[in-house]
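Read the structure below first, then the notes.
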Number of protein chains: 2
Amino acid sequence: MDLGEYLFRRLAQLGVGSIHGVPGDYNLTVLDYLEPAGLHWVGNANELCAGYAADGYARIKGIAALITSFGVGELSAINAIGAAYSEKAPVVHIVGTPPRAAQESGACLHHSLGDGNFRIFADMYKSVTCAQANLVDAATAPQMIDATLKQCLQQSRPVYIEIPTDMVRAKVPVPQFPIDLSVPAHDEAFEDKIVDSLVSRIQSCKRPLILVDGFTARFGVRDDINALVKLTGFPTLTTPFGKSIIDENVPNFHGVYLGSAGGAVYQSWVQECDLVLRFGVLGSEINTFGFSAQPQPGATVTFDKYSVSLGTTGCVPDNTRPVSINTVLSKLLRRLNGLDIPTLEPYPEDPFLPREILKSLPEPLDTALIDQYSLWLRDIVMTETGTASYGGQSFDLPEGTTLINSSIWLSIGYMLGACQGAALAQSEMVKDGTRPPGRTILFEGDGSLQMTAQAISDIIRNKLDVIIFVLNNNGYTIERIIHGFSESYNDVQPWRNLQAPSYFGALNGDASYPVRTESAQNWGELQTILQRPDIKEGKGLNIVEISLSMDDAPESLSKFVEYLKKRNSGQL
Amino acid sequence: MDLGEYLFRRLAQLGVGSIHGVPGDYNLTVLDYLEPAGLHWVGNANELCAGYAADGYARIKGIAALITSFGVGELSAINAIGAAYSEKAPVVHIVGTPPRAAQESGACLHHSLGDGNFRIFADMYKSVTCAQANLVDAATAPQMIDATLKQCLQQSRPVYIEIPTDMVRAKVPVPQFPIDLSVPAHDEAFEDKIVDSLVSRIQSCKRPLILVDGFTARFGVRDDINALVKLTGFPTLTTPFGKSIIDENVPNFHGVYLGSAGGAVYQSWVQECDLVLRFGVLGSEINTFGFSAQPQPGATVTFDKYSVSLGTTGCVPDNTRPVSINTVLSKLLRRLNGLDIPTLEPYPEDPFLPREILKSLPEPLDTALIDQYSLWLRDIVMTETGTASYGGQSFDLPEGTTLINSSIWLSIGYMLGACQGAALAQSEMVKDGTRPPGRTILFEGDGSLQMTAQAISDIIRNKLDVIIFVLNNNGYTIERIIHGFSESYNDVQPWRNLQAPSYFGALNGDASYPVRTESAQNWGELQTILQRPDIKEGKGLNIVEISLSMDDAPESLSKFVEYLKKRNSGQL
């Protein structure tokens, strides 16, 4: 078969249903192999949107791919691949490159820097991908593709595959077996020792805590972690990045661990825990509220995908003895079943827990302005960096909801692009029965939206069902409260956001793809909109613009900003 | 003074009037120094637009600056900086970085990859910038700034300056003198030898040619080159990239050197020249029509900014003996003045020269569809990569027009962003009397426009006067004729392009910034629009959408595509 066919068959076998990207003359011929492989071409308006969308698709479906052109196309997407690398989304970036002879001769080609060096962009990508393959030899190309895709899935990080134009039709053998995805050998004896030690510490502890962070979502252990939370009854917190992994309706779930941005009583309770089971750590200052939301290292057992370690903090866990979190958790659950779990010191009463606040909130007056404090308490999915991501920490999420936010890369504009990818992944999974029906709901800022507004065009082109709440607070509110509140550099050009569907070419009166645009100036208007059955259902494209005050921000953000100001001025 | 103040004072001294960019928490405090330095903040919708705009501004004004945030912001702009590097636009990219202590300790901060490495993005930028400065020490920072800005101007390429948040208010001495911009010492004796040799070859040649390429525009020798063309009367051609540098009204100007994409008679005439004076070479396959538009090396004298060499081809001229093109040209002109210039073999008669075609064209029928063959013969400025850039080769340009196209980087979407920067530079130069009044006119494709549509918002926000012709041919026509003519991957989502001003927030009925949108389906409609005095004047925002056939392309492009197809499939 042709190499182009091989590549796309492998992607399809791993669950990729759609390819994101932008055509270019160095990748046109390989695009011919998409349709025969059963793959859908998304056709993004630009490469940054394509990259973000692939990332969103990967976070829902477990793998995604995008295709760009060499040089210009790939550099436009590199910020998105940085996002996928730092937050561990398995994205395959395929780059159509110039023919081998031209590369070898150092020809002065378009999309190059004109210096005859064709490795520059691949070298840039080395820092943001975990594996690379340059398919210059038909004899090795299939094995290189397989090995690279395996790394993508195992490390849950982007990989980079170059295919020169003259290699697209190179003949390679038809693959006889699926890609070998077996995990690295793990140390069973060490695993058993860990489980022994865990069982003993769990039985003897007085004040335990389970702390679930966001990388846990990449490990494929959601069910086991939830089982552990239910079985032990241990007080459980998530980080901002980890929110939605744990069923928030269990009585021992106590919300987001806010560190110094939360109440002192919770902070000291956590600091005095004698056992913290901490999963999938992302140690960024954003996710830990300025490194304050960190349990005591001595009391902490840190679980990563291939390591379990004691007393580790920071970004990079210790990987000296390979284990598998999947087998460790299964073994632990089997051992704990039937054992007595000690009576525990209770978590402090928490009137700030979303479900508690929600219960206690008075009904807002219809004419009351919409404020950041109470807006967020609705079931929902994606929150853009800025006030939206902090607000989303207060969601009272129904079981089965997936919340996507960014907790280290924080590139504004990401979430709108990712929303297109997530909605597409969701629709494919609903169609093939691997995910129950649900909506894709995005909370987007007015400033962030301007970065990647083209993603709305991509959503329309692919007829994806989304609900977008545009939080319009006249500029970059998160920046205003950090510095320069009234400075013009924190303003944005005021757009007429509800005209987006029309500008981006949504058809008028298309019953197969309805478009609804609404604006809410106050609570009454918003509640009327939210009660509309068609908006609730979320079919087609729904954009609701919500007016918010320029100086209004969620509480956890306002507190955290004090830390950021001090840090940036060198006082910390 | 504060370091932030120093940086912007230096930029203002070099002629920067506006700073492009996007705010972010690592650059907010440095933005406070813009206004006091008399600089205007553009406030772009995203970083790619900011980068492209800075490039366009630099090509008009001679230097530009943009500010982004560390990590996410700078990576979104890196494609634009690649454009500036490959096509030599002097752009200063300032990056607001985390405070030094956090960098030194390898803290896990937002906008980083979480690995404690704060050099990754600067390292990526090394390939696309010619100098870098990381301002971590107040004692050395002023000298580093000065040296970096000098490199930017001398090499006419982007530079990269990092300023950590805690360095913005560091105290540095007030600069007493302007930046030393003196050129490197050049070899006067070698220069004199070159001039002797040139004079002798000019006096003895039979079939000379002057070939002016695009980098000549970066050397500051436009007047001297034009004087040489007039003084010698030598037949003169430009490359696509060099178009608009030479006054096209002189009788010895013969248009664009099309190589194998032009007539055989011209190609053989050039190949048999015994002297070719070739200036500012960009040797890309695009600029040379598949390396076919190259004179014989043995007959060629190649002039670069700091070198003159015999027989050099390709991208990188020989720089072994430093000379200055400025002094060489002055000396040469002085020597030639008064000398006899030989009677020359005439350039073949050229019915394809734009001004000849223009004369011979019949008036189109009003109802005739607008075609790519005759549309382009209007005086104009910026042509986006795609059919527009090839069409622009046929412009009959009035003296003093500046044509901007891309001839190696070819990143679609570039030109709309660059148009914002060019229009801003032009308005500043008209205001301070350094450039005569003129219009900024852009020819943009419907597919390219989608890449960076936000630039229209930036144009409105800054109330810039532009005329945008949107060439709507339903997708990527340049890609269609290369491969996959009817494939859906060459389609784009059809936008309602004339709604852009309204969506991006242009005020209705604002007399100080009028908005006009028109569409032309045929020649009659287009001519009516072009005859409107307000459109002709080009004040405010003017968007004219022109419908073109999906399969219609300028002749030079159609011919060149045959080369590209063969090359990409490995047949060349």
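Naming: A, B, ... by sequence-line order, numbering from 1 per chain. This one's a predicted model, so the numbers in the text were calculated from it and none came from an experiment.
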Any donor-acceptor pair under 3.5 Å linking the side chain of A:Gln493 with the backbone of B:Phe504?
-> yes
Under 3.5 Å, side chain of B:His111 to main-chain N/O of A:Trp409, donor-acceptor pair present?
-> yes
Among A:Asp32, A:Asp25, A:Thr29, whose side-chain hydrogen bond (donor to acceptor under 3.5 Å, both in side chains) with B:His483 holds?
-> A:Asp32
Closest heavy-atom contact between B:Ser127 and A:Met124?
-> CB-CE, 3.9 Å
Looking at B:Tyr503 and A:Gln499, what are the two nearest heavy atoms and their distance?
-> N-OE1, 3.3 Å
Residues at least two apart in sequence or cross-chain that pass side chain to side chain contact (heavy atoms under 4.5 Å, CB included) with A:Val492, listed by chain then number, are A:Asp446, A:Gln450, A:Tyr476
Taking every heavy-atom pair that is under 4.5 Å apart, which of A:Gly484, A:Gly73, A:Ser112, A:Gly413 has the most such pairs with chain B?
-> A:Ser112
What part of A:Leu410 lies closer than 4.5 angstrom to a heavy atom of chain B: side chain, backbone, both or neither?
-> both
Check whether the side chains of B:Ser488 and A:Trp41 place a donor and an acceptor atom closer than 3.5 Å, and report yes or no.
-> no
Do A:Tyr489 and B:Glu35 pass the side-chain contact (heavy atoms from CB on, under 4.5 Å) test, and can you show the C-alpha distance, the side-chain angles, and the key distance before you say yes or no?
-> CA-CA 10 Å; A:Tyr489 54 69; B:Glu35 235 179 76; over 6 Å; no
For A:Val128 and B:Leu113, run side-chain contact (heavy atoms from CB on, under 4.5 Å): C-alpha distance rounded to whole Å, both residues' side-chain angles, the deciding distance at 0.1 Å, then the answer.
-> CA-CA 8 Å; A:Val128 290; B:Leu113 295 175; 4.1 Å; yes
Region of A:Ala453 that comes under 4.5 Å of a non-hydrogen atom in chain B | both
How far does CG of A:Leu28 sit from CD1 of B:Ile482, to the nearest 0.5 angstrom?
-> 6.5 Å
Counterpart residues, ring-ring contact (aromatic ring centres under 6.0 Å, His included), relative to A:Tyr33 (two or more places apart) = none
When the 4.5 angstrom heavy-atom criterion is applied to A:Ala80 and chain B, the contacting part is neither
